[in-house]
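Note that the structure is a prediction, hence the values are computed from the model and not measured. One is the number of the first residue; the rest follow in order along the sequence. Atoms within a ligand are numbered from 1 in the order they appear, just like the ligands themselves. Side-chain atoms are counted along with the backbone in the values below, which use heavy atoms only and exclude waters and symmetry mates.
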Amino acid sequence: MRPDLSRVPGVLGEIARKRASEVAPYPLPKPPSVPSFKEALLRPGLSVIAEVKKQSPSAGVIREVDPVEAALAYARGGARAVSVLTEPHRFGGSLLDLKRVREAVDLPLLRKDFVVDPFMLEEARAFGASAALLIVALLGELTGAYLEEVRRLGLEALVEVHTERELEIALEAGAEILGINNRDLATLHINLETAPRLGRLARKRGFGGVLVAESGYARREELKALEGLFDAVLVGTSLMRSPNLEEALRQLVG
Ligand SMILES: O=C(O)c1ccccc1NCC(=O)[C@H](O)[C@H](O)COP(=O)(O)O
């Protein structure tokens with residue numbers, strides 16, 4: 001059950017094909033009990049998913065940081081969940097980062113990686129994630145099958161879209177937590193109009209689940225503009241660039 005990655009363009013295709021070449025099943029430890037991702041995002045007010053992001057294709061090296069220290073600062077600053085990048089080549093992440101953060105903070109964790117094989121979902125569960133990212137641009141019509149595997153494993157999924165077609169696929173697949181990425185993952189271009197435009201469309205199509213706006217957020221007024229439509233926002237780079245992660249998150253949330 002692997003998506004055809006041969007035609008996925010740009011940076012996204014390059015990263016995903018590399019990750020697909022590395023998946024190697026191995027015996028997994030028993031999953032820890034983890035807090036609910038969805039419940040955390042539905043708490044009153046706009047919830048922040050704060051991302052531990054050391055580097056990225058668009059920003060290069062962002063911050064040399066211990067993921068545990070970053071996650072603890074995010075927890076003190078009011079994050080409702082923490083996104084932990086586990087992609088090693090372009091983001092400097094690892095499953096060990098996820099495991100160490102799980103042992104340090106009592107918040108729901110999102111495994112942020114380029115899931116291109118069901119075994120990566122078992123890894124997410126075994127290393128302590130509450131949820132895993134499913135990128136519709138990678139999985140396409142397999143999104144529904146991957147969602148079934150997520151549920152079989154007792155995980156939750158953030159199903160990520162960037163276009164109307166991807167939104168249709170996500171809704172048809174039964175996504176309960178829908179992420180709308182302002183960033184085109186193939187070209188890295190960011191347009192902050194994408195999330196509100198597709199968020200309104202999702203609600204118009206009857207989507208009653210959790211809406212998450214992703215990428216490009218740096219100022220409190222940008223988050224205020226999301227209130228009323230979005231339940232949560234995912235922020236990485238602007239926080240990781242701040243001298244004090246806890247203070248930066250408090251200022252962002254207001
Ligand atoms: O961030 C990148 O450069 C990137 C490149 C290719 C694929 C994915 C990428 N980022 C993943 C994300 O969507 C962001 O890490 C996340 O939404 C946070 O965005 P930001 O606050 O802009 O760091």
Worksheet entry | For atom 9 (C) of ligand 1, the protein heavy atom that lies nearest, with its residue and separation | Phe91 CZ, 3.5 Å
Worksheet item: Just heavy atoms, cut-off under 4.0 Å: does Arg183 contact ligand 1 by side chain, backbone, both, or neither?
Response: side chain
Worksheet item: With side chains defined as the heavy atoms from C-beta onward, is the minimum distance between Leu107 and Arg80 less than 4.5 Å?
Response: no
Worksheet entry | Polar proximity ligand 1 side, Ser215 side, N/O cut 3.5 Å exclusive | yes
Item to complete: Determine, step by step, whether Leu5 and Leu138 satisfy the side chain to side chain contact (heavy atoms under 4.5 Å, CB included) criterion, reporting the C-alpha distance in whole Å, the side-chain angles of both residues, the deciding distance to 0.1 Å, and the verdict.
Response: CA-CA 7 Å; Leu5 302 172; Leu138 293 178; 3.9 Å; yes
Item to complete: Consider ligand 1: state whether an atom of it lies below 4.0 angstrom from any non-hydrogen atom of Ser238.
Response: no
Worksheet item: Got an N/O contact under 3.5 Å between Ile15 and ligand 1?
Response: no
Practice prompt. Output the list of atoms in ligand 1 that are nearer than 4.0 Å to some heavy atom of Asn181, sorted by atom number.
Written response: 13 (O)
Worksheet item: Does a side-chain heavy-atom distance below 4.5 Å link Met120 with Phe114?
Response: no
Fill in: Any side-chain heavy-atom pair of Arg63 and Lys54 under 4.5 Å
no
Response to the item:
atom 2 (C) of ligand 1 sits nearest the protein heavy atom Ser58 OG, 3.3 Å
Worksheet item: Could you give the distance from OG1 (Thr143) to CD (Glu160), rounded to the nearest 0.5 Å?
Response: 11.0 Å
Discussion item. Is it true that Glu22 and His89 share a donor-acceptor pair across their side chains at a distance under 3.5 Å?
Written reply: yes
Discussion item. By the definition side-chain contact (heavy atoms from CB on, under 4.5 Å), identify the one residue from Val48, Asn182, Thr237, Leu252 that meets it with Tyr217.
Written reply: Asn182
Worksheet item: Has Met240 got any heavy atom lying under 4.0 angstrom from an atom of ligand 1?
Response: no
Worksheet item: Considering Arg241, Glu51, Glu87, which one's heavy-atom position lies nearest to atom 16 (C) of ligand 1?
Response: Glu51
Discussion item. At under 4.0 Å between heavy atoms, is it the side chain or the backbone of Leu188 that contacts ligand 1, or both, or neither?
Written reply: side chain
Item to complete: Check Lys53 against ligand 1 and report side chain, backbone, both or neither, counting heavy atoms closer than 4.0 Å.
Response: side chain
Practice prompt. Indicate yes or no: does an N/O atom of Val11 lie under 3.5 Å from an N/O atom of ligand 1?
Written response: no
Discussion item. Please give me the minimum heavy-atom distance between Leu211 and Ala202, naming the atom from each residue.
Written reply: CD2-CB, 4.5 Å
Worksheet entry | Any Leu12 heavy atom less than 4.0 Å from ligand 1 | no
Discussion item. Can you tell whether the side chains of Arg100 and Asp66 come within less than 4.0 Å, N to carboxylate O?
Written reply: yes
